[in-house]
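Below, each value reflects all heavy atoms present in this structure, side chains not excepted, and no hydrogens, waters or symmetry copies. In what follows, every chain begins at residue 1, and chains take the letters A, B, ... in the order their sequences are listed.
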Protein chains: 2
Amino acid sequence: MTSLGEGEYALLDQSWHDAITPDAARRMLIAAAHAFADKGYHATTTRDIAARAGMSPAAVYIHYRSKEDLLFQISKVGHERSLKVLTAVQDPDPRDRMAKTVAAFARWHAEFRTTARVVQYELGSLSPEHHAVVAELRRKIETHVRQIVEDGVKAGSFETPDQNGTALAVLSLCIDVARWYRPDGKRTPEDIGTLYADLALRMLSKSV
Amino acid sequence: MTSLGEGEYALLDQSWHDAITPDAARRMLIAAAHAFADKGYHATTTRDIAARAGMSPAAVYIHYRSKEDLLFQISKVGHERSLKVLTAVQDPDPRDRMAKTVAAFARWHAEFRTTARVVQYELGSLSPEHHAVVAELRRKIETHVRQIVEDGVKAGSFETPDQNGTALAVLSLCIDVARWYRPDGKRTPEDIGTLYADLALRMLSKSV
DNA sequence: GTCTATAGCCCGATAGAC
DNA sequence: GTCTATCGGGCTATAGAC
């Protein structure tokens with residue numbers, strides 16, 4: 001017995017399928033991701049996680065060294081996926097590249113809100129060694145968005161008084177979707193992506 | 001002995017001075033706000049709070065019913081202050097009103113990052129009754145920003161395909177400052193306010 | 001109003017049977 | 001690989017002296 005509907009499990013199972021095996025380890029990780037996203041890492045007990053995965057508390061330690069190791073796996077794979085969402089966009093035009101990138105990144109933070117919340121809000125619960133690993137991934141994400149802004153300014157497509165500040169703001173806007181998005185709200189993840197792509201282009205527009 | 005410099009205490013003491021008395025209660029609350037902002041509510045122990053305030057663990061319960069009550073006081077006063085920052089802005093021109101409002105709200109989330117982090121990221125740790133109180137304050141904050149957008153569109157100053165969505169994005173942008181801002185970074189709270197006011201106006205600009 | 005001491009509970013992690 | 005049982009420790013909150 002679990003506290004999730006079959007649909008939700010199926011969706012998440014799909015998204016973690018290639019990253020985590022065997023099956024029991026993946027079930028445990030998905031249970032942990034939901035618990036961490038719902039209540040936060042420190043408010044979640046290993047008993048919560050085990051109960052959600054339909055196993056005994058001791059089963060956690062068959063596949064993971066510790067509760068923190070479980071957090072690290074979620075955070076690492078989550079960061080890798082969100083980075084891949086960015087780098088998958090390939091478009092020669094800076095405006096189109098920015099629009100597609102922002103749409104995809106904002107959409108990801110809504111669609112995979114559970115993982116995104118753990119990725120964005122539980123960094124401080126990682127061990128120093130594990131934090132260093134995801135910090136490197138975060139640096140790549142920031143650099144990637146800065147580069148798109150820089151390319152657009154050089155190509156004459158964008159105009160801004162502060163390139164890095166605006167790149168930071170665009171990233172920040174997308175990331176914060178994980179905080180406020182609710183699956184039962186009016187806007188779909190795709191709606192949010194479309195709106196945010198427009199807003200990002202306005203933020204970098206040449207005419208104000 | 002505390003883990004904060006005198007300057008930091010003086011600043012925060014100033015900001016909580018009229019809201020919380022007596023002195024020991026205020027010291028405890030400031031210690032709790034810093035601990036909650038640094039490590040999160042659930043990772044913070046009453047021993048942490050007491051140690052930061054330079055008192056014994058039992059002293060927490062002289063002025064507060066529970067650890068959660070301490071969180072509620074911080075969250076309630078913090079929400080009230082951030083709402084006041086918004087409503088203090090009075091300007092007849094919609095563009096100027098929006099610019100000043102965003103500058104002040106973004107700046108507040110940087111300048112009072114400690115309180116802001118508790119306000120924005122510990123809602124889920126409040127009891128249902130206490131959560132309802134701050135939820136009402138949050139509704140007022142959202143409504144206030146929506147109203148400025150609506151006024152600007154009616155006056156012909158703003159143009160947007162989605163009024164509520166853009167109002168939400170502007171709020172979200174300001175709130176997320178509490179997540180990424182570091183006092184030792186390059187940008188001052190005032191810099192951030194200035195940049196964000198410009199970005200908000202671009203997001204609502206008539207010419208794209 | 002503040003302290004020391006501790007009750008009572010729950011946590012993360014492990015031992016050992018199957 | 002999964003279970004039941006449990007250890008050792010840290011947690012919130014309270015009792016009672018001063």
Side-chain angles (χ1 to χ4, degrees), chain A residues 1-3 13 16 20-36 38-75 118 122 124-131, chain B residues 1-3 13 16 20-36 38-75 118 122 124-131:
Chain A
M1 267 311 169
T2 74
S3 56
D13 192 76
W16 289 99
I20 308 290
T21 52
D23 232 68
R26 187 167 54 251
R27 265 196 302 142
M28 200 69 83
L29 187 122
I30 291 165
H34 276 89
F36 294 163
D38 281 358
K39 314 202 300 174
Y41 174 78
H42 284 288
T44 299
T45 69
T46 52
R47 286 163 177 82
D48 290 336
I49 298 166
R52 281 186 189 244
M55 301 180 84
S56 76
V60 170
Y61 298 90
I62 297 164
H63 299 288
Y64 301 94
R65 283 173 198 261
S66 64
K67 191 176 109 171
E68 192 273 342
D69 184 37
L70 212 27
L71 174 64
F72 175 56
Q73 299 304 327
I74 296 164
S75 188
V118 180
E122 299 295 349
S125 302
L126 291 165
S127 72
E129 295 76 16
H130 288 164
H131 184 274
Chain B
M1 266 311 171
T2 72
S3 56
D13 193 75
W16 289 98
I20 308 290
T21 52
D23 232 68
R26 185 167 56 251
R27 266 196 301 143
M28 201 69 83
L29 188 121
I30 291 166
H34 277 89
F36 294 162
D38 281 358
K39 313 204 300 176
Y41 174 78
H42 283 287
T44 298
T45 68
T46 52
R47 288 168 175 83
D48 291 336
I49 297 166
R52 281 185 191 244
M55 300 180 85
S56 79
V60 170
Y61 299 90
I62 297 165
H63 300 287
Y64 301 93
R65 283 174 199 262
S66 64
K67 190 176 111 173
E68 192 273 342
D69 184 38
L70 213 28
L71 173 64
F72 175 56
Q73 300 302 328
I74 297 164
S75 189
V118 181
E122 299 296 349
S125 303
L126 291 165
S127 72
E129 295 76 16
H130 288 162
H131 185 274

For this session: Rounded to the nearest angstrom, tell me the gap between atom CD1 in B:Ile62 and atom P in C:dG1.
Result: 8 Å

Exercise. Closest to the B:Ser66 side chain: C:dC3, D:dA13, D:dC3?
Worked result: D:dA13

For this session: Choose from C:dG12, D:dT12, D:dT2 the nucleotide whose nearest atom is closest to any side-chain atom of B:Thr45.
Result: D:dT12

Exercise. Do A:Lys39 side-chain atoms and B:Gly124 backbone N/O form a donor-acceptor pair below 3.5 Å?
Worked result: no

Problem set entry | Flag, side chain of A:Thr44 to backbone of A:Ala35, donor-acceptor distance under 3.5 Å | yes

Exercise. Is the distance from OP1 or OP2 of D:dT14 to the nearest side-chain N or O of B:Tyr61 less than 4.0 Å?
Worked result: no

Problem set entry | Between C:dG12 (P) and A:Tyr64 (OH): distance, integer Å | 16 Å

Exercise. Is there a donor-acceptor pair under 3.5 Å between the side chain of B:Gln73 and the backbone N or O of B:Leu29?
Worked result: no

Problem set entry | Protein-nucleotide distance (B:Tyr41, atom OH; D:dC11, atom C1'), rounded to Å | 12 Å

Exercise. ring-ring contact (aromatic ring centres under 6.0 Å, His included) with B:Phe72: which residues, sequence neighbours excluded?
Worked result: B:His130

Exercise. Over how many whole Å does the gap from B:His42 atom NE2 to D:dG10 atom C1' extend?
Worked result: 16 Å

For this session: Indicate whether OP1 or OP2 belonging to D:dT2 is found under 4.0 Å from a side-chain N or O atom of A:His63.
Result: yes

Problem set entry | Atom pair distance, as rounded to whole Å: CD in A:Glu68 and C1' in C:dC11 | 17 Å

Exercise. Looking only at N and O atoms, is any donor in the side chain of A:Arg47 or the base of C:dG12 less than 3.5 Å from an acceptor on the other one?
Worked result: yes

Problem set entry | A:Lys67, nearest nucleotide to its side chain (from D:dT12, C:dG12, D:dT4) | C:dG12

For this session: Check every strand shown and say whether B:Ala59 touches a base, only sugar-phosphate, or nothing at a heavy-atom separation below 4.0 Å.
Result: sugar-phosphate

For this session: Mind calculating the distance between CD1 (A:Ile49) and P (C:dC11) to the nearest angstrom?
Result: 11 Å

For this session: Rounded to the nearest angstrom, tell me the gap between atom CG in B:Leu70 and atom P in D:dT12.
Result: 11 Å

Exercise. How many Å lie between CE on A:Met28 and C1' on C:dA13, as a whole number?
Worked result: 14 Å

Exercise. Okay, side chain of A:Tyr41, backbone of A:Val118: is any donor-acceptor separation there less than 3.5 Å?
Worked result: no

For this session: Ignoring backbone atoms, test whether B:Thr46 places a side-chain nitrogen or oxygen under 4.0 Å from the OP1 or OP2 oxygen of D:dT12.
Result: yes

